[in-house]
Protein chains: 2
Amino acid sequence: MSLNRAQKKEQTRRLLINAALAQLSDERSFGSLSLREVARQAGIAPTSFYRHFQDMDELGLTLVDEAGLTLRQLMRKARQRIESGGSAIQTSVETFMEYVTNNQNIFRLILRERSGSSRLFRAAVSREIAHFCDELADYIQSITPCDRAFARVQADAMVALVFNAGTEALEQQSGEQRRALTTKTVVQLRMVAAGSQTLRQQGAAVGGR
Amino acid sequence: MSLNRAQKKEQTRRLLINAALAQLSDERSFGSLSLREVARQAGIAPTSFYRHFQDMDELGLTLVDEAGLTLRQLMRKARQRIESGGSAIQTSVETFMEYVTNNQNIFRLILRERSGSSRLFRAAVSREIAHFCDELADYIQSITPCDRAFARVQADAMVALVFNAGTEALEQQSGEQRRALTTKTVVQLRMVAAGSQTLRQQGAAVGGR
DNA sequence: TAATTCAGCGTACATGTGTCAGCTAAACTA
DNA sequence: TAGTTTAGCTGACACATGTACGCTGAATTA
């Protein structure tokens, strides 16, 4: 029952992380959180914060990493659903929308820090998204063998559209709206998929140029 | 030479607007600007700020409106270039990239406030983008007659891709990178254009469903 | 058991903030 | 010209912030 010192430390570290996460909302960005607020919500003295993080920045980067992790788990889940039948596009979009709905604060964090005021944060988010695109490009190539660079361009487009849908999803509360958004996004991805096939054929006909 | 009272007031109002704009950068978001900083940069006392804006929010919304205006001007310019020959997609993307390059701070403002912490700001940006999409949908219909809703879905996708490219453009400084980004975006838009044509044909064959 | 480590605390300070109250002087109006 | 309006000013206020310093007591180690 009694915890280790290390365990106890890890515990309050989580308390801080959760405190920060809890303060995030549609009206509150990470940059607007103060060290004192987070410490207060975690139930520790402001100065004790430094026992766990050097900076608020360090806390923030931790959050971004956690978000990336959750995203990767999400990807795996989507792949599983696809293997057991169903449209890859439809399933992926549904999975993503589900994620956004269930992790609004953390997804908002990613969206905001993507073009936020900290180079470090932007770089961190950029890495996560690049990872996302890479894996999708892999998948595209495994389904439709083609030039790597081309697959990457297609993957980038698809990820951009899905993230854009995520942005819009955050503004909607009714399930009805969200469902409409999902089908819209599915159509958009189908456009990209179909179009990329067309371009591939044309390119091949002209001689790979 | 001597200005009347109203003119002078308008003049310092512009001073405030420009001061805010000047403080924005890749490391400084509008939300992080203080009333005092802006007033200082404009060369007036903090309390005089209130003679022109009720709030920093009011100033911010003014900036968003100005950005929208600039964007509309940009659109017109693009249409002109297209009418005098040239690919619509290529020309549009080039025009947009040019805009982003020349108006980094104001475009960043839009990007950030799109999913920022103020409902008002988000709504304002959302309106501007919707306007953007509407006009593009008009254009698509004028070129390729089709269902309005369908054109709108296509337009949304294209605008999302272009804005995404804008986001990426802000991270790049070499003209080389920017040119690569432009061609990538052009390919992505061609994918959407080609794909939407395919879907339209398929949809018609199945019976408009 | 005795010595060491260290998570968390309280106090304190300098700094920046938004905004209130009231003044001045120049521009306007009648 | 005499009276009014008003853009901009100074001074002051209460408040929140980040963080330096040094203490305490429990957990750990030797």
Side-chain angles (χ1 to χ4, degrees), chain A residues 1-25 27-63 112-113 116-121, chain B residues 1-25 27-63 112-113 116-121:
Chain A
M1 199 65 248
S2 75
L3 300 153
N4 229 350
R5 183 137 80 186
Q7 289 172 320
K8 209 143 200 171
K9 180 166 185 178
E10 181 55 30
Q11 181 181 285
T12 51
R13 189 186 139 96
R14 280 244 66 90
L15 238 45
L16 284 169
I17 291 177
N18 292 336
L21 223 35
Q23 309 237 24
L24 293 178
S25 75
E27 302 191 286
R28 210 81 164 67
S29 72
F30 182 80
S32 78
L33 299 185
S34 77
L35 183 151
R36 288 175 106 108
E37 276 178 314
V38 173
R40 201 178 306 135
Q41 167 115 11
I44 67 170
T47 46
S48 301
F49 179 95
Y50 296 104
R51 303 286 185 199
H52 303 273
F53 302 98
Q54 201 173 2
D55 250 354
M56 277 294 284
D57 273 20
E58 201 173 303
L59 207 191
L61 290 173
T62 304
L63 291 185
R112 286 175 173 164
E113 299 309 328
S117 338
S118 156
R119 284 176 209 277
L120 253 87
F121 277 58
Chain B
M1 196 65 249
S2 75
L3 301 153
N4 69 17
R5 187 137 77 185
Q7 289 173 320
K8 209 143 201 171
K9 180 167 186 179
E10 181 54 30
Q11 180 180 285
T12 52
R13 189 187 140 96
R14 280 244 66 89
L15 239 44
L16 284 170
I17 290 177
N18 292 336
L21 224 34
Q23 310 237 20
L24 293 177
S25 75
E27 303 190 286
R28 210 81 163 68
S29 72
F30 181 79
S32 78
L33 299 185
S34 77
L35 183 153
R36 290 176 105 106
E37 276 178 314
V38 173
R40 200 178 308 136
Q41 167 115 14
I44 67 170
T47 46
S48 301
F49 179 95
Y50 297 105
R51 304 285 187 199
H52 304 273
F53 301 98
Q54 200 173 2
D55 251 354
M56 277 294 285
D57 273 20
E58 200 173 304
L59 207 192
L61 290 172
T62 305
L63 291 185
R112 285 175 174 163
E113 299 309 329
S117 338
S118 156
R119 286 176 207 279
L120 253 88
F121 277 58

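What you see below is based on every heavy atom in this structure, not just the backbone, and it leaves out hydrogens, waters and symmetry mates. In what follows, chains carry the letters A, B, and so on, assigned in the order in which the sequence lines appear, proteins first and then strands, with residues in each chain numbered from 1. If you're wondering where the values come from, they're calculated on a predicted model, not measured in any experiment.
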(Q) For the backbone of A/Gly116 and the side chain of A/Arg112, can you confirm whether one donor and one acceptor N or O come within less than 3.5 Å of each other? (A) no
side-chain contact (heavy atoms from CB on, under 4.5 Å) filter on B/Ala39, not counting sequence neighbours, yields B/Ile44
- request: Would you classify A/Glu37 as touching base, sugar-phosphate or nothing, given that sugar-phosphate means primed atoms plus P, OP1 and OP2, and contacts are heavy atoms under 4.0 Å?
  value: sugar-phosphate
(request) State whether A/Asn4 places a side-chain N or O below 4.0 Å from either non-bridging phosphate oxygen (OP1 or OP2) of D/dA27. (result) no
- Phosphate-side-chain proximity, B/Ser34 and C/dG16, N/O vs OP1/OP2 below 4.0 Å: no
Is any side-chain heavy atom of B/Arg36 less than 4.5 Å from a side-chain heavy atom of B/Phe49? no
Q.
If we ignore hydrogens and angles and just use 3.5 Å, is the side chain of A/Gln41 paired with the main-chain N or O of A/Gln23 as donor and acceptor?
A. no
Indicate whether OP1 or OP2 belonging to D/dT17 is found under 4.0 Å from a side-chain N or O atom of A/Arg40.
-> yes
Ordered by number, residues from residues 44-60 of chain A within less than 4.0 Å of DNA chain C (heavy atoms) are A/Ile44, A/Ala45, A/Thr47, A/Ser48, A/Arg51, A/His52
note: B/Lys9, atom NZ; D/dC9, atom P; distance rounded to Å ~ 14 Å
Rounded to whole Å, CG of A/Leu35 lies from P of C/dG8 at a distance of 14 Å
For the side chain of B/Asp55 and the backbone of B/Glu58, is there at least one donor-acceptor N/O pair under 3.5 Å apart? no
Rounded to whole Å, CD of A/Gln23 lies from P of D/dT17 at a distance of 10 Å
**Report entry** B/Arg36 (side chain) and C/dT19 (base): donor-acceptor pair under 3.5 Å
**Finding:** yes
Whole-Å distance, B/Lys8 NZ to D/dT5 C1', equals 16 Å
Atom CD of A/Gln7 and atom P of C/dA7 are separated, to the nearest Å, by 14 Å
Exam field: side chain A/Arg28 to backbone A/Ser32, donor-acceptor pair closer than 3.5 Å:
yes
